[in-house]
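None of the values given here were measured: they were computed from a predicted structure.
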Amino acid sequence: MADNGTGEQNPSETAASATVASDGNDNGNQQQRATTVSRSKENLEDENSSPSKKPRLEVEKEEYNLEERLNNILRCSRCQDLPNPTVYQCANGHLLCIGCLLELSAEGRVLNTQAACPQCDCAVSLRQCTRNLVIEKTVAELPIACPFCQKLIPRHELCNHKTEQCLKRPVQCKYSSVGCDWVGEFRSLDAHETFCPSQMKTGRDLIDSVQRMEETKDREMQMYKRLLELLSCEKVELIDFKLQPYHKEFGQNDLWYESRTFAAHDLSWMVHACVRCRQDPVTGSVTRCLGYKLMLRSKPPVRFQMSYMLVKGPGGMVIMDPMLYDFRFSEEDMETPFRDAPCQDPSDMCALLAAKSIHLRLALMQAAQIIN
């Protein structure tokens with residue numbers, strides 16, 4: 001660098017050197033910016049291609065499979081289905097739905113054996129098992145597909161959805177009582193009823209339908225009128241009794257029930273019952289029913305006619321339809337024929353048989369006496 005003899009730099013050289021230095025600084029800053037940008041792009045590409053995203057996808061996949069995993073854990077030990085709505089557990093914690101528990105108890109009582117858990121063989125019954133409320137609430141929140149529209153909804157909302165909300169639920173035409181056989185989806189109901197041919201029927205066409213409806217109503221009214229007449233008889237008694245199970249002989253699978261002797265109408269009575277199995281000749285399935293008969297234990301002084309009806313007793317679990325029967329008792333005929341217990345739902349029979357005793361109420365109405 002030239003010097004002017006006084007030790008000072010030439011101003012032009014100083015300016016040139018400053019320009020060169022600033023250009024060098026600008027070039028360095030640009031290179032640094034380019035390096036920073038390139039590193040940022042590399043980091044972004046590394047983040048997009050790094051395995052840190054894969055666990056998030058795996059977590060989502062695990063959450064998606066959580067429903068299936070819970071279904072496998074919360075299944076009933078017997079039917080291998082999610083229990084609904086009441087859940088019991090054995091002494092070792094294995095789950096049983098209320099239907100399977102009642103069936104196991106009923107089978108054990110019929111076969112004169114102790115009902116056992118399908119997984120651990122420990123004894124099970126309504127008294128020996130405990131209810132699991134946590135499992136009930138968990139299962140109620142799990143999704144289930146509607147059988148009509150396949151929409152996933154919580155289990156506790158399924159019943160209301162199928163009966164009130166689902167647009168694909170099957171419904172009948174409002175003219176079904178006059179002969180329309182149409183059954184279709186709810187969303188098509190208005191369109192069908194607008195052009196339903198049954199609404200164009202004349203009075204002559206409706207005679208058969210109306211007659212069938214009147215016959216059914218007349219039968220029901222006759223039974224209720226007959227019952228009301230009997231309730232106005234002089235001798236009407238209601239007896240609450242309990243049927244206790246027993247087996248006639250050791251090793252036999254026939255299950256019998258009997259009540260204690262009770263007094264009514266100045267006579268001694270007893271109710272005898274047994275479990276009867278019926279096999280469907282087409283499907284081969286076996287259904288159980290409880291047959292009962294009324295037995296007169298004391299000798300009647302005269303022949304008389306008695307009307308009787310069996311209904312659900314206080315604290316009973318099963319609702320029964322009223323069925324009224326008449327029988328004429330005498331010294332030769334002191335037992336009525338076997339009658340089926342009139343359960344509204346055949347599945348309630350398991351609840352009856354699973355109980356250690358059956359609580360029922362018998363209405364005895366003496367209609368008339370016949371002197372020998």
Side-chain angles (χ1 to χ4, degrees), residues 211-244 256-276 278 287-353 355 357-372:
Q211 285 180 347
R212 287 193 298 266
M213 295 171 59
E214 289 182 349
E215 289 175 358
T216 303
K217 185 177 179 181
D218 288 343
R219 286 194 299 268
E220 295 177 353
M221 290 302 298
Q222 287 176 3
M223 186 190 67
Y224 285 110
K225 286 181 179 179
R226 169 74 172 155
L227 180 59
L228 291 175
E229 290 176 359
L230 292 173
L231 291 177
S232 62
C233 293
E234 181 180 356
K235 295 183 178 181
V236 178
E237 295 197 29
L238 299 178
I239 299 96
D240 295 330
F241 64 94
K242 183 168 58 174
L243 290 175
Q244 296 288 353
W256 295 80
Y257 292 84
E258 68 177 6
S259 69
R260 294 182 178 180
T261 302
F262 55 88
H265 299 291
D266 301 325
L267 297 170
S268 298
W269 304 83
M270 178 182 287
V271 176
H272 202 66
C274 70
V275 178
R276 298 191 289 182
R278 295 176 180 174
T287 58
R288 297 189 181 98
C289 62
L290 183 67
Y292 74 97
K293 65 179 179 180
L294 182 61
M295 303 171 61
L296 184 59
R297 306 297 293 175
S298 56
K299 185 177 178 180
V302 293
R303 296 175 60 194
F304 65 94
Q305 182 170 314
M306 184 69 71
S307 299
Y308 62 98
M309 181 176 62
L310 191 68
V311 295
K312 179 179 73 72
M317 300 173 58
V318 179
I319 300 177
M320 296 185 177
D321 290 325
M323 296 294 293
L324 190 62
Y325 299 103
D326 296 317
F327 188 77
R328 185 172 296 177
F329 289 92
S330 65
E331 294 184 8
E332 295 78 17
D333 295 324
M334 299 180 64
E335 297 180 3
T336 67
F338 272 101
R339 309 288 189 182
D340 290 339
C343 297
Q344 284 188 356
D345 188 353
S347 61
D348 288 342
M349 190 56 59
C350 290
L352 273 179
L353 301 180
S357 59
I358 301 176
H359 297 266
L360 297 171
R361 172 171 288 178
L362 182 67
L364 288 176
M365 295 153 285
Q366 187 171 348
Q369 288 188 356
I370 303 176
I371 302 175
N372 290 330

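Atoms CD1 and CG, from I239 and L310 in turn, are 11.0 Å apart once rounded to the nearest 0.5 Å. Note that CE of M270 is 10.5 Å distant from CD of E335, once rounded to the nearest 0.5 Å. How far CG of L296 is from CZ of F304: 5.5 Å, rounded to the nearest 0.5 Å.
The neighbour count for D218 CG, taken as heavy atoms of other residues, nucleotides or ligands under 6.0 Å away, is above 12.
Centroid-to-centroid, the aromatic rings of F241 and W269 stay 6.0 Å apart or farther.
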Applying side-chain contact (heavy atoms from CB on, under 4.5 Å) to M306 and H265, what does each step give before you reach the verdict?
CA-CA 10 Å; M306 184 69 71; H265 299 291; 3.5 Å; yes

Decide side-chain contact (heavy atoms from CB on, under 4.5 Å) for V275 and Y257; before the verdict, give the C-alpha distance in whole Å, the side-chain angles of both, and the deciding distance to 0.1 Å.
CA-CA 8 Å; V275 178; Y257 292 84; 4.0 Å; yes

Are M365 and L324 close enough, and set up right, to give a side-chain contact (heavy atoms from CB on, under 4.5 Å), and what steps lead you there?
CA-CA 10 Å; M365 295 153 285; L324 190 62; 4.0 Å; yes

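Among all heavy-atom pairs drawn from R297 and M334, the shortest one is C-CE, 4.4 Å. Residues S330 and P300 share a closest heavy-atom pair of C-CG, 3.7 Å. A273 and L290 get closest at one heavy-atom pair: CB-CD1, 4.1 Å. A pairwise comparison of heavy atoms in T261 and S268 identifies CG2-CB, 3.9 Å as the closest pair. Between P337 and Y308, the shortest heavy-atom distance links the atoms O-OH, 4.5 Å.
K235 places none of its side-chain heavy atoms less than 4.5 Å from the side chain of E237. Contact of the Y325 side chain with the M323 side chain is registered, since non-hydrogen atoms from C-beta on lie closer than 4.5 Å. Contact check for R219 versus E215: side-chain heavy atoms found under the 4.5 Å cut-off. Side-chain contact between R328 and D333: absent, with no pair of heavy atoms (C-beta onward) separated by less than 4.5 Å. When side chains are defined from C-beta on, C274 does not count as touching K293, because their heavy atoms never get closer than 4.5 Å. You'll find the side chain of Y292 stays beyond 4.5 Å of the side chain of L360, heavy atoms only. L362 places a side-chain heavy atom less than 4.5 Å from the side chain of L294. Residues Q366 and L267 form no side-chain contact, since every pair of their non-hydrogen atoms from C-beta on lies 4.5 Å or further apart.
Here K242 pairs with nothing under the side chain to side chain donor-acceptor pair (under 3.5 Å) rule; sequence neighbours left out.
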